[in-house]
Participant: 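The structure follows.
For reference, positions follow the sequence shown, starting with 1.
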Amino acid sequence: MQQTTTSATGAPVRPAAPPTGLSPSRAGDFLTCPLLYRLRVIDRLPEPPSSAATRGTLVHAVLERLFDSPATERTPERALGLLRPQWERLLGERPELGSLFPDDPDGAALTRWLADAEKLLGQWFRLEDPTRLHPVERELYVETALDSGLLLRGYIDRVDVAPTGEVRLVDYKTGRAPSRDFEGKAMFQMKFYALVVWRWKGVIPKRLQLVYLGGGGDVVSYDPDQADLLAVERKLKALWERIGHAVATGDFPATRNRLCDWCDHQASCPEFGGTPPPYPLPLSRTSDEDDPTGDPRSKES
């Protein structure tokens, strides 16, 4: 049986393993910084809980549960009433999240943090009317293998289907809407999901929608076509080949980027004077000698 230990924060530490497929987040990691991809996917180094990311997880959980209620009961008051119970549920599932508020005897810091989540929920009600929405899926896990064997997977926040059959994929973002220079990068995630749905169900979603709850709030939509999704498929195949070569050779260069200031792995990054841990996988002279990424049909953790 595989052993799992825990980090100093109580988070599970899993043994190193080769990648077996791609999600939008991990594809984005490799495109941003190959070393970050390696440390997260192969070395599986633990990362301390993030206040912003955990708040996003909490807001997502509340929006998912809100649709358990009849349409007329999907009110701001109902959403706010779900915040504390969903936080308690998350804390029970991931005790390490308690480290976000280490010195908070009167609960003031937690109250302020929850108040920020309340603002995000209030923004959502200004952008969408849940009494008029009838999602067929929430937090839907999707997975498909391309003809090449590459396994694609991820979670879609919400899937809406119109009475006429058109499918809309919706993703909630608790940050600000990106500038036009980065809008395409953000929409790449949605095109990834659209490709998975197309190859899985044979249906091209009519609309992809990003709902940004941070800042002033914004909704960004895009209507993909087959050419878009074929282009994404080619890009992902090429990316997987690059990842396979990196896995075989252990060559995962660090790349400075605008997210470096928030990276948890600077101590392992040469760009910041750090040293990566010893590469934990066997090396091959060339990536063509064998399949360095393992069986792409097995499920990536």
Participant: Can you run down the salt bridge (Lys or Arg N to Asp or Glu O under 4.0 Å) pairs that involve residues 190-202, sequence neighbours left out, and say none if there aren't any?
Facilitator: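 Residue pairs with at least one partner in residues 190-202: R199-E233.
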Participant: For E73, which residues count as a salt bridge (Lys or Arg N to Asp or Glu O under 4.0 Å) partner, sequence neighbours excluded?
Facilitator: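 Counting only residues at least two positions away or on another chain, E73 forms no salt bridge (Lys or Arg N to Asp or Glu O under 4.0 Å).
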Participant: If you draw a 6.0 Å radius around NZ in K119, do more than 12 non-hydrogen atoms from other residues or ligands fall strictly inside?
Facilitator: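 Count not over threshold, so no.
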Participant: Are the side chain of W113 and the backbone of S51 linked by a donor-acceptor contact shorter than 3.5 Å?
Facilitator: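 At least one qualifying donor-acceptor pair exists.
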Participant: Is there side-chain contact between R138 and R65, with at least one heavy-atom pair below 4.5 Å?
Facilitator: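 Yes, their side chains come closer than 4.5 Å.
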Participant: Would you say the side chain of Y212 lies within less than 4.5 Å of the side chain of V219, judging by non-hydrogen atoms?
Facilitator: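 Side-chain contact under 4.5 Å: no.
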Participant: Given side chains that start at C-beta, do those of D160 and V136 come closer than 4.5 Å, heavy atoms only?
Facilitator: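 D160 vs V136: side chains apart.
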Participant: Of D171, D225, D223, which is the lone residue that meets salt bridge (Lys or Arg N to Asp or Glu O under 4.0 Å) with R207?
Facilitator: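 Of the listed residues D171, D225, D223, the salt bridge (Lys or Arg N to Asp or Glu O under 4.0 Å) partner of R207 is D223.
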Participant: Applying the side chain to side chain donor-acceptor pair (under 3.5 Å) criterion to Y172, which one of R158, E128, H60, Q209 satisfies it?
Facilitator: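 Of the listed options, the one satisfying the test is R158.
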Participant: Do R38's NZ or CZ and the ring of Y279 fall within the cation-pi criteria of under 6.0 Å and 45°?
Facilitator: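 No, cation not above the ring by the 6.0 Å, 45° rule.
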Participant: Determine whether P19 and V247 make a side-chain contact, defined as any pair of heavy atoms from C-beta on separated by less than 4.5 Å.
Facilitator: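 P19 vs V247: side chains touch.
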Participant: Looking at side-chain heavy atoms only, is the closest gap between W198 and Q226 below 4.5 Å?
Facilitator: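 Yes; the side chains approach each other to less than 4.5 Å.
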Participant: Between L213 and L120, what is the shortest heavy-atom contact and its length?
Facilitator: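 Looking at all heavy atoms of both residues, the shortest contact is O-CD2, 3.5 Å.
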Participant: For E118 and Q123, which I'm curious about, is there any donor-acceptor pair between the side chains at under 3.5 Å?
Facilitator: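 Judged by distance alone, the side chains do not pair up.
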Participant: Within the structure provided, determine whether T255 and L35 are in side-chain contact (heavy-atom separation under 4.5 Å).
Facilitator: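 Not in contact.
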Participant: Identify the heavy atoms of P224 and I204 that sit nearest to each other, and give their distance.
Facilitator: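 Looking at all heavy atoms of both residues, the shortest contact is O-CG2, 4.1 Å.
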Participant: Any idea which heavy atoms bring Q266 and C260 closest together, and the distance?
Facilitator: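 So the minimum-distance heavy-atom pair works out to NE2-O, 2.8 Å.
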Participant: Validate the cation-pi geometry between K235 and F192: distance from NZ or CZ to the six-membered ring centre under 6.0 Å, angle to the ring axis within 45°.
Facilitator: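 No, cation not above the ring by the 6.0 Å, 45° rule.
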Participant: Parallel, tilted or perpendicular for Y37 and F252, by the 30°/60° rule?
Facilitator: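 Correct class here is parallel.
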Participant: Is it the case that atom CZ in R132 sees more than 12 heavy atoms from other parts of the structure closer than 6.0 Å?
Facilitator: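 No, not enclosed.
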Participant: Are side-chain heavy atoms of R168 and L133 found at a separation under 4.5 Å?
Facilitator: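 Counting from C-beta outward, R168 and L133 do come under 4.5 Å.
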Participant: My understanding is that only residues two or more places apart in sequence, or in another chain, count here; which of them pass ring pair (Phe, Tyr, Trp, His ring centres under 6.0 Å) with H265?
Facilitator: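 For H265, no residue satisfies ring pair (Phe, Tyr, Trp, His ring centres under 6.0 Å) once neighbours in sequence are set aside.
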Participant: Indicate yes or no: at least one non-hydrogen side-chain atom of P276 is less than 4.5 angstrom from one of P270.
Facilitator: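 P276 reaches P270 side chain to side chain.
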Participant: Got a sec: does the CZ of R176 have more than 12 other heavy atoms crowding it under 6.0 Å?
Facilitator: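 It does not: R176 CZ has 12 such atoms or fewer within range.
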